[in-house]
Amino acid sequence: MKGKHKNLTEEEKKVIVYKGTEAPFTGEYDNFFKEGMYICRRCEKPLYNSTHKFDAGCGWPSFDDEIKGAVIRYPDEDGIRTEIVCANCKAHLGHVFTGEQATPKDTRHCVNSISLKFVPKKVKSL
């Protein structure tokens, strides 16, 4: 596990490794809606497509679906929520909620921006 932390800042470690939460409305991807893909900040595996991102108004990036097999769900230590982590490196992403009816899929992945990196969609040249 030691090698997985070497490129993370202390702020990134607080969320990704120690399961913290960034303050609402402060993350770089909260109000961000460009075309592309969101990858894990620690291992760079694809997690979410921008087509699944929506504005939940909660202060964190929200997605109603993940790339198949990219995210694992665990019961949170608080006994109430469901934690989501990167399936590849187990980096803490945030939590998933259902039953809110915010989208037709009735799912909201509430993800810390600091757990993600954005890769823009490549534009095809003529």
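Considering every non-hydrogen atom in both Asp78 and Arg81, the closest pair reads OD2-NE, 2.6 Å. Across all their heavy atoms, Pro24 and Cys58 have their closest contact at CB-O, 4.1 Å.
Within a 6.0 Å sphere centred on NZ of Lys14, other residues, nucleotides and ligands contribute 12 heavy atoms or fewer.
In this structure, CD in Glu12 is found 3.5 Å from OG1 in Thr9, a value given to the nearest 0.5 Å. Lys34 contributes atom NZ, which lies 11.5 Å from atom OG of Ser50 (distance to the nearest 0.5 angstrom). The distance from atom NZ of Lys122 to atom CE of Met37, rounded to the nearest 0.5 Å, is 11.0 Å. With values rounded to the nearest 0.5 angstrom, Cys43 atom SG is found 12.5 Å from Asn7 atom CG. Here CD1 of Ile114 is found 11.5 Å from NE2 of His92. Values are rounded to the nearest 0.5 Å. The OG1 atom of Thr98 sits 10.0 Å away from atom NE2 of His109, with the distance rounded to the nearest 0.5 Å.
Remark: Arg41 engages Glu28 in a salt bridge, criterion side-chain N to carboxylate O under 4.0 Å. Contact check on Lys13 versus Glu10 returns a salt bridge, with a Lys/Arg side-chain nitrogen under 4.0 Å from an Asp/Glu carboxylate oxygen.
For residues 51-64, there are no salt bridge (charged side-chain N to carboxylate O under 4.0 Å, His left out) pairs, not counting sequence neighbours. Residues in residues 110-121 take part in these salt bridge (charged side-chain N to carboxylate O under 4.0 Å, His left out) pairs, two or more places apart or across chains: Glu35-Lys121, Glu44-Lys117. Judged as a salt bridge (charged side-chain N to carboxylate O under 4.0 Å, His left out), the pairs with a partner in residues 99-110 (not counting sequence neighbours) are, in order, Asp65-Lys105, Glu100-Arg108.
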For this session: For side-chain contact (heavy atoms from CB on, under 4.5 Å), just list the numbers for Asn88 and Arg42, CA-CA rounded to whole Å, side-chain angles, deciding distance to a tenth of an Å, and then say yes or no.
Result: CA-CA 10 Å; Asn88 185 61; Arg42 182 158 65 181; over 6 Å; no
For this session: Would you please test Arg73 and Ile84 for side-chain contact (heavy atoms from CB on, under 4.5 Å) and show each step?
Result: CA-CA 5 Å; Arg73 300 174 186 210; Ile84 48 177; 4.0 Å; yes
For this session: Using the side-chain contact (heavy atoms from CB on, under 4.5 Å) rule, take Phe63 and Leu116 through it: C-alpha gap first, then chi angles, then the decisive distance, then the call.
Result: CA-CA 12 Å; Phe63 303 86; Leu116 303 170; 4.2 Å; yes
For this session: Could you walk me through whether Ser113 and Glu22 pass the side-chain contact (heavy atoms from CB on, under 4.5 Å) test, one step at a time?
Result: CA-CA 8 Å; Ser113 287; Glu22 65 191 1; 3.2 Å; yes
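Residues Tyr18 and Val15 are members of separate hydrophobic clusters, defined by side-chain heavy-atom contacts under 4.5 angstrom among Ile, Leu, Val, Met, Phe, Trp and Tyr. The hydrophobic cluster containing Tyr48 also contains Phe118, counting ILVMFWY residues as joined when their side-chain heavy atoms lie under 4.5 angstrom apart, directly or transitively.
By the ring pair (Phe, Tyr, Trp, His ring centres under 6.0 Å) test, Phe25 pairs with no residue at all, sequence neighbours left out. Applying the side chain to side chain contact (heavy atoms under 4.5 Å, CB included) rule to Thr21 yields the partners Trp60, Asn112; only residues at least two apart in sequence or on another chain are considered. Among residues two or more places apart in sequence or in another chain, the side chain to side chain donor-acceptor pair (under 3.5 Å) test is passed with Asp76 by His95.
Between Cys110 and Phe97, some side-chain heavy-atom pair lies under the 4.5 Å cut-off.
With respect to Leu47, the side chain to side chain contact (heavy atoms under 4.5 Å, CB included) criterion is satisfied by exactly one of Val111, Leu93, Ile67: Leu93.
Without hydrogens or angle criteria, Lys90 side chain to Ala87 main chain gives a donor-acceptor distance under 3.5 Å.
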